[in-house]
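Below is one structure, written out as structure tokens, with a few remarks after it.
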Amino acid sequence: MYKAPRGTSDILPAEQAYWKYVEEKAISLCQLYGYQPLSTPLLEDSQLFTRTSASGTDIVDKEMYIFKDRGGHELALRPEGTAPVCRAYLQHGLFSLPQPVRLYYIGATFRYERPQAGRYRQHQQFGFEAIGDADSALDAEVIVMARNFLLSLGLIQFTIQLNSIGCKLCQPRYREILKKHYTALNSIQGHLCSDCQTRLERNPLRLLDCKNASCQEMADTAPKTVDFLCPECRAHFQSLQEYLSILGISFQFNHRLVRGLDYYTRTVFEIQPGKGTTQQGALGGGGRYDNLIEELGGEFTPAVGFAAGMERLILKLKEEKISIPPLPEPVVFIAYLGSEAKNEAIKLAFQLRQVGIATIVAVGDKSLKAQLKQADARGTSYAIIIGKEEIESQSAILRDMKSGEQKIIPLAKVAETLISR
RNA sequence: GUGAGUGUAGCCCAGUGGUUAAGGCGCCAGGUUGUGGCCCUGGUGAGCGUGGGUUCAAAUCCCACCACUCACCCCA
């Protein structure tokens, strides 16, 4: 028996209402803020990610789905959405549009890791990116969108964690200071975990988010990124906070927040869920990536964005028992008895659909009881019953499934009767 | 990659060495010779994740493997 590959899953009809709900909220949010949809392939040249995200990040080091196609090209199932959007921005010359260009996407993302609650090898991400302006008002816009998105879903138990990690100018300086701090402490205490030993060399910023107890002690006393920002980055971060405060958006500083991808500059933020039954991690995260497009071969183009995990959001919706509008069910179920009636039933179903009435017609020549049971199971509002008697009088029984009331109407008037209801 | 737990019909699950593996949901049929949702009756459907071992005898004990779940790392 075949099963869906590990970490992937089928989304059955019973689940689809959640997906539609979240997608519709996402789309209407983006419309409200003037973001336009963009779809990119699931596959990309693997270097798009290895170059931009760089090594030393988990996504590149251990979570990428990489393979060679028949032509020998190394491709990757996209592990994140931002780099493909930037690639498309450059490839199609979107830089010639008025800037910033505001884009959003909803699509599958892949990471090879051990699945658990809210963590899958294939998951759906909703993200939006504003490309082409460094104005911190844009950072604020993105953060507010992220917040309002969750609120529109009915989720209220979350916090926005915020930090600034500087730019090309000030971040290298900070890195050196951080390295000195760790090297000094480590030579005295010598408690740095093996992961952090490598981080110290390859990706010192990520020393800060190590969860290892002894490393945490060192992180607690470590110098903070915000204290070493250059004047421009400091002003940028300052004004971002002002915008947020004007809008009454509350957030928490998190000096240890550095994010898992290398391309981030200045603003980084994450949406952390309140305490729940699972440890699913961030509901979403994002930040500014001013150098990414330049690294991909374009002009210097500052940008900022956000992405959320749909599965995690749905998990939360269920955890908090937020009710979701059901998917629409067909209005009418047509039951028949006998082969003449069957012909009439099929014809009637065809006609009803022509005028836009969602209809299921019975098949398989089952008992009327079984047919009505199906109508009930599908939750149709009406059942139409056609038997021998009805054929003779060219009529049909229209049964209201909720009240159980039924009346006989001319076959020719079924559509019109249903429309008038 | 590491750790823990679980693995019996489509789903939820009882059963801890010994008759044809129990129940609920679902599904099918009947009670109502043309009528759903409640009720009643009957039926359908598993040989107990896979392989090996212990034993007169194993779903029940042992070993290995696989899968699932959760957690760690890290992130959506």
Side-chain angles (χ1 to χ4, degrees), chain A residues 1-7 9 12 14 22 53 56-63 78-82 105-127 146 150 193-196 199 203 206 209-213 215 257-261 268 270-273 277-286 305-316 333 335-338 341 362 364 366-391 396-406:
Chain A
M1 180 82 101
Y2 288 108
K3 286 190 294 186
R6 165 172 266 195
S9 54
L12 298 176
V22 177
S53 304
T57 64
D58 284 353
I59 286 178
V60 168
D61 285 356
K62 50 182 198 186
E63 295 177 1
R78 65 174 176 219
E80 58 108 12
T82 301
Y105 59 88
I106 299 173
T109 307
F110 301 83
R111 296 196 192 159
Y112 190 88
E113 58 189 337
R114 290 278 277 266
Q116 60 185 279
R119 175 173 302 186
Y120 310 101
R121 290 188 173 183
Q122 177 179 343
H123 69 277
Q124 199 75 355
Q125 275 192 16
F126 159 51
L150 296 213
C193 73
S194 60
D195 277 348
C196 283
R199 281 177 184 143
N203 201 339
R206 298 203 49 237
D209 65 5
C210 184
K211 303 296 193 302
N212 191 298
C215 299
L257 181 63
V258 295
R259 308 278 300 148
L261 296 163
V268 290
E270 269 180 14
I271 310 278
Q272 288 293 339
T277 51
T278 56
Q279 299 299 316
Q280 50 164 252
L283 293 172
F306 169 81
M310 308 268 279
E311 287 82 356
R312 292 184 176 183
L313 294 170
I314 289 171
L315 210 57
K316 277 292 160 201
F333 185 96
Y336 65 86
L337 288 156
K366 292 177 181 156
S367 71
L368 183 58
K369 177 175 179 162
Q371 295 182 61
L372 287 174
K373 200 168 178 177
Q374 270 190 34
D376 186 55
R378 286 302 301 266
T380 61
S381 307
Y382 300 99
I384 286 165
I385 302 161
I386 304 172
K388 204 165 187 178
E389 293 169 26
E390 288 71 32
I391 294 295
I397 296 170
L398 176 64
R399 179 179 178 85
D400 184 319
M401 292 299 285
K402 206 157 222 158
S403 65
E405 286 167 23
Q406 53 185 48

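As the structure is a prediction and not an experimental result, all values here were calculated from the model. Below, each value reflects all heavy atoms present in this structure, side chains not excepted, and no hydrogens, waters or symmetry copies. By convention in this document, chain letters (A, B, ...) are assigned in the order of the sequence lines, proteins followed by strands, and residues within each chain are numbered from 1.
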Completion exercise
Side-chain contact check for A:L372: nearest option of B:G36, B:A76, B:C70 is B:G36

Sub-3.5 Å pairs of nitrogen or oxygen atoms, protein against nucleotides 1-4 of chain B:
unit_1: B:U2; atom_1: O4; unit_2: A:R114; atom_2: NE; d: 3.4
unit_1: B:U2; atom_1: O4; unit_2: A:R114; atom_2: NH1; d: 3.4
unit_1: B:U2; atom_1: O4; unit_2: A:R114; atom_2: NH2; d: 3.2
unit_1: B:G3; atom_1: O6; unit_2: A:R114; atom_2: NH2; d: 3.4

Between protein and nucleic acid, restricted to nucleotides 24-31 of chain B and to nitrogen or oxygen atoms under 3.5 Å apart, what atom pairs and distances do you find?
unit_1: B:G31; atom_1: N7; unit_2: A:K369; atom_2: NZ; d: 3.4
unit_1: B:G31; atom_1: O6; unit_2: A:K369; atom_2: NZ; d: 3.3

Practice task
Could you work out the separation of B:C65 and B:G43 based on their C1' atoms and round it to a whole Å?
Solution key: 39 Å

Practice task
Assign A:Y120 to base, sugar-phosphate, or nothing according to its heavy-atom contacts below 4.0 angstrom with the strands shown.
Solution key: base

Completion exercise
For A:D376, the side chain to side chain contact (heavy atoms under 4.5 Å, CB included) test, sequence neighbours excluded, returns A:M401

Exercise for the section: Looking only at non-hydrogen atoms, find the nearest pair between A:L313 and A:A308 and report the distance. Expected result: CD1-CB, 4.1 Å

Exercise for the section: Looking at every strand, decide which applies to A:E390 at a 4.0 Å heavy-atom threshold: base, sugar-phosphate, or nothing. Expected result: base

Practice task
Round to the nearest Å and state the distance from A:L257 atom CG to B:C74 atom P.
Solution key: 13 Å

Handout entry: Test item: A:Y112 side-chain N/O and A:F110 main-chain N/O as donor-acceptor pair under 3.5 Å
Key = no

Problem - Side chains of A:R378 and A:F333 in contact at under 4.5 Å (non-hydrogen atoms) - result: no

Problem - Sugar-phosphate only, base, or nothing, as touched by A:G284 at under 4.0 Å among non-hydrogen atoms - result: sugar-phosphate

Handout entry: hbond_proxy A:D376 side chain to B:G36 base (donor-acceptor, 3.5 Å cutoff)
Key = yes

Completion exercise
Contacts of A:E270 meeting salt bridge (Lys or Arg N to Asp or Glu O under 4.0 Å) (sequence neighbours excluded), chain-then-number -> A:R259

Completion exercise
Sorted by chain and residue number, the ring-ring contact (aromatic ring centres under 6.0 Å, His included) partners of A:F126 (sequence neighbours excluded) come out as A:F128, A:F149

Problem - Heavy-atom side-chain contact between A:Q280 and A:K316 under 4.5 Å - result: yes

Handout entry: Glycosidic conformation of B:G53, taking syn as within 90° of 0 and anti otherwise
Key = anti

Handout entry: Contact check, side chains of A:K366 and A:Q374, non-hydrogen atoms, under 4.5 Å
Key = yes

Practice task
Name the nucleic acid region contacted by A:K3, choosing base, sugar-phosphate or nothing; use a 4.0 angstrom heavy-atom cut-off, strictly under.
Solution key: sugar-phosphate

Handout entry: Sugar-phosphate, base or nothing in reach of A:E311, heavy atoms under 4.0 Å
Key = nothing

Fill in the blank from the handout: salt bridge (Lys or Arg N to Asp or Glu O under 4.0 Å) filter on A:R6, not counting sequence neighbours, yields none

Practice task
Would you classify A:Q124 as touching base, sugar-phosphate or nothing, given that sugar-phosphate means primed atoms plus P, OP1 and OP2, and contacts are heavy atoms under 4.0 Å?
Solution key: nothing

Practice task
Under the side chain to side chain contact (heavy atoms under 4.5 Å, CB included) rule, collect the residues that match up with A:E113, sequence neighbours excluded.
Solution key: A:E63, A:R111, A:R119

Practice task
Between B:C75, B:G34, B:U35, spot the one nearest the side chain of A:K388, thanks.
Solution key: B:G34

Handout entry: A:Q406: side chain to side chain donor-acceptor pair (under 3.5 Å) partners, not counting sequence neighbours
Key = A:R399

Handout entry: Distance in angstrom units between A:L12 CG and B:C11 P, rounded
Key = 11 Å

Handout entry: RNA chain B contacts among residues 396-404 of chain A, heavy-atom distance under 4.0 Å
Key = A:I397, A:R399, A:M401, A:K402, A:G404

Practice task
Select one nucleotide: of B:A76, B:A71, B:G34, the one nearest the side-chain heavy atoms of A:L368.
Solution key: B:G34

Practice task
Measure from the side-chain heavy atoms of A:T278 and tell me the nearest of B:A76, B:A71, B:G37.
Solution key: B:A71

Exercise for the section: Using a heavy-atom cut-off of under 4.0 Å over every strand shown, decide if A:A375 touches base, sugar-phosphate, or nothing. Expected result: nothing

Practice task
State whether A:R121 places a side-chain N or O below 4.0 Å from either non-bridging phosphate oxygen (OP1 or OP2) of B:A76.
Solution key: no

Practice task
Could you tell me whether the side chain of A:Q406 has a donor or acceptor atom within less than 3.5 Å of a complementary atom in the base of B:U35?
Solution key: yes

Exercise for the section: Could you tell me whether the phosphate oxygens of B:C68, OP1 or OP2, come under 4.0 Å of any side-chain nitrogen or oxygen in A:R6? Expected result: yes

Practice task
Check for a donor-acceptor pair, side chain of A:Q124 on one end and backbone N or O of A:T109 on the other, with a separation under 3.5 Å.
Solution key: no

Practice task
Identify the two heavy atoms, one from A:F306 and one from A:Y105, that lie closest to each other, and give their separation to 0.1 Å.
Solution key: O-OH, 4.5 Å

Practice task
Starting from P on B:U35, measure out to CD on A:E405 and report it in whole angstrom.
Solution key: 19 Å

Practice task
Just jot down the side chain to side chain donor-acceptor pair (under 3.5 Å) partners of A:T278, sequence neighbours excluded, or say none.
Solution key: A:E319

Completion exercise
Applying side chain to side chain donor-acceptor pair (under 3.5 Å) to A:R114 and not counting sequence neighbours gives none

Exercise for the section: Just call it for A:G118: base, sugar-phosphate, or nothing, with non-hydrogen atoms closer than 4.0 Å on any strand. Expected result: base

Handout entry: Nearest-neighbour nucleotide for the A:A117 side chain, B:C72, B:A76, B:C70 considered
Key = B:C70

Practice task
Kindly express the pairing pattern of RNA chain B in dot-bracket notation, using | wherever a base pairs with another strand and counting only Watson-Crick or G-U pairs under 3.5 Å.
Solution key: ((((((((.[[[..)..(....]]]((((((.......))))))....[[[[[..)....]]]]])))))))....

